[in-house]
Undergrad: 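For reference, the structure I am asking about is given below.
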Amino acid sequence: MIAPSILSADFANLQRDVEMINGSEAAWIHIDVMDGVFVPNLSFGLPVVAAIHQHATKPLDVHLMIVQPERYIKEFKAAGAHVLTVHYEASTHLHRTLQAIRAEGMLAGVALNPHTPVSALQDVLLDLDLVCLMSVNPGFGGQSFIPQTFQKVKQLRAMLQEAGSKAFIEIDGGVNANNAAALKEAGADVLVAGNSVFKAADPVGMIAELHGA
Ligand code: DX5
Ligand code: ZN
């Protein structure tokens, strides 16, 4: 599955860019919420997610790069989130937060920074629906893919299988036409793509290329 990241869209033409994704082979729309505290960048918040939801025909995959994400679970549900992903590094009571996300009827995701080992999730494997492996340091689009991610995908795939979990493995950061096939082969289910899609001459064609990789 391909999830184009709206962070690389033209914010003055969001409706146009959401409609481009609607008409593509993308499975989800990836939405990066940043607070300037957990990550050194600010993006946008709830009203923008709700506005995207008005025009999107694909499920919203919301990636929270914010401290204390548990404070906004109900609000993101109301704004239209289908998947709600919090950072492991920002969650003191991760187990409770995952339960609260599921209780709202959303898929519960956990994102791991590049330095966080996948083994940190061993005791919540049955409490999550998605693991987002950050393949760049979160905060900005357009960074280079960190190759160590391949090892993490393989290790996580084995852990999920062992635990009997059907959780999705998502890769976020630096995904492009050169690494998409290898990531799928390593065990990734969802590929987030920002710059590679939105800076392409033909974004719909690039989504199709990543999809078919
Ligand atoms: C980075 C975000 C990513 C970002 C990916 O903090 O989580 O979703 O949009 O952008 P690219 O694909 O350009 O690396
Ligand atoms: Zn993201």
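All heavy atoms count here, side chains included; hydrogens, waters and symmetry mates do not. In this text, all values refer to a predicted model and were calculated from it rather than measured experimentally. When a ligand or atom number is given, it counts from 1 through the structure's own listing order.
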Undergrad: Please determine whether the number of non-hydrogen atoms from other residues, nucleotides or ligands lying under 6.0 Å from atom CD of Glu185 exceeds 12.
TA: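 No, not enclosed.
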
Undergrad: Taking distance alone, no hydrogens or angles, what donor-acceptor pairs closer than 3.5 Å link side-chain atoms of residues 159-175 to residues at least two apart or in another chain?
TA:
from, atom 1, to, atom 2, distance (Å)
Ser165, OG, Ala167, N, 3.0
Asp172, OD2, His30, NE2, 3.2
Asp172, OD2, His63, ND1, 3.1

Undergrad: Not counting sequence neighbours, which residues clear salt bridge (Lys or Arg N to Asp or Glu O under 4.0 Å) with Asp189? List them please.
TA: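 Only Arg157 meet the salt bridge (Lys or Arg N to Asp or Glu O under 4.0 Å) criterion with Asp189.
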
Undergrad: So, Asn179 side chain and Ala182 main chain: donor-acceptor pair closer than 3.5 Å or not?
TA: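 A pair under 3.5 Å: no.
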
Undergrad: Around atom CZ of Phe150, are there more than 12 heavy atoms from other residues, nucleotides or ligands closer than 6.0 Å?
TA: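 Yes - once you tally the heavy atoms of other residues, nucleotides and ligands closer than 6.0 Å, there are more than 12.
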
Undergrad: Which one of Glu89, Lys152, His87 satisfies the side-chain hydrogen bond (donor to acceptor under 3.5 Å, both in side chains) criterion with Thr116?
TA: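 Between Thr116 and the candidates, side-chain hydrogen bond (donor to acceptor under 3.5 Å, both in side chains) is satisfied uniquely by Glu89.
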
Undergrad: Is the backbone of Thr57 close enough, under 3.5 Å, to the side chain of Asn22 for a donor and an acceptor to pair up by distance?
TA: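 Yes, Asn22 side chain to Thr57 backbone: donor-acceptor pair under 3.5 Å.
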
Undergrad: Is there a donor-acceptor pair closer than 3.5 Å between any side-chain N or O of Ser43 and the backbone N or O of Asp32?
TA: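 Checked: pair present.
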
Undergrad: Once you round to the nearest 0.5 Å, how far does NE2 of His55 lie from CZ of Arg16?
TA: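 Answer rounded to 0.5 Å: 13.5 Å.
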
Undergrad: Below 2.8 Å, which protein N, O or S atoms neighbour the Zn ion (ligand 2), ignoring water?
TA: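 As for protein N, O or S atoms lying under 2.8 Å from the Zn ion (ligand 2), they are His30 NE2, Asp32 OD1, His63 ND1, Asp172 OD2.
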
Undergrad: Anything with a heavy atom under 4.0 Å from ligand 1 counts, so go ahead and list those protein residues by chain and number.
TA: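 Those residues closer than 4.0 Å to ligand 1 by some heavy atom are Ser5, Leu7, His30, Asp32, Met34, His63, Met65, Met134, Pro138, Gly139, Phe140, Gly141, Gly142, Asp172, Gly173, Gly174, Val192, Ala193, Gly194, Asn195.
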
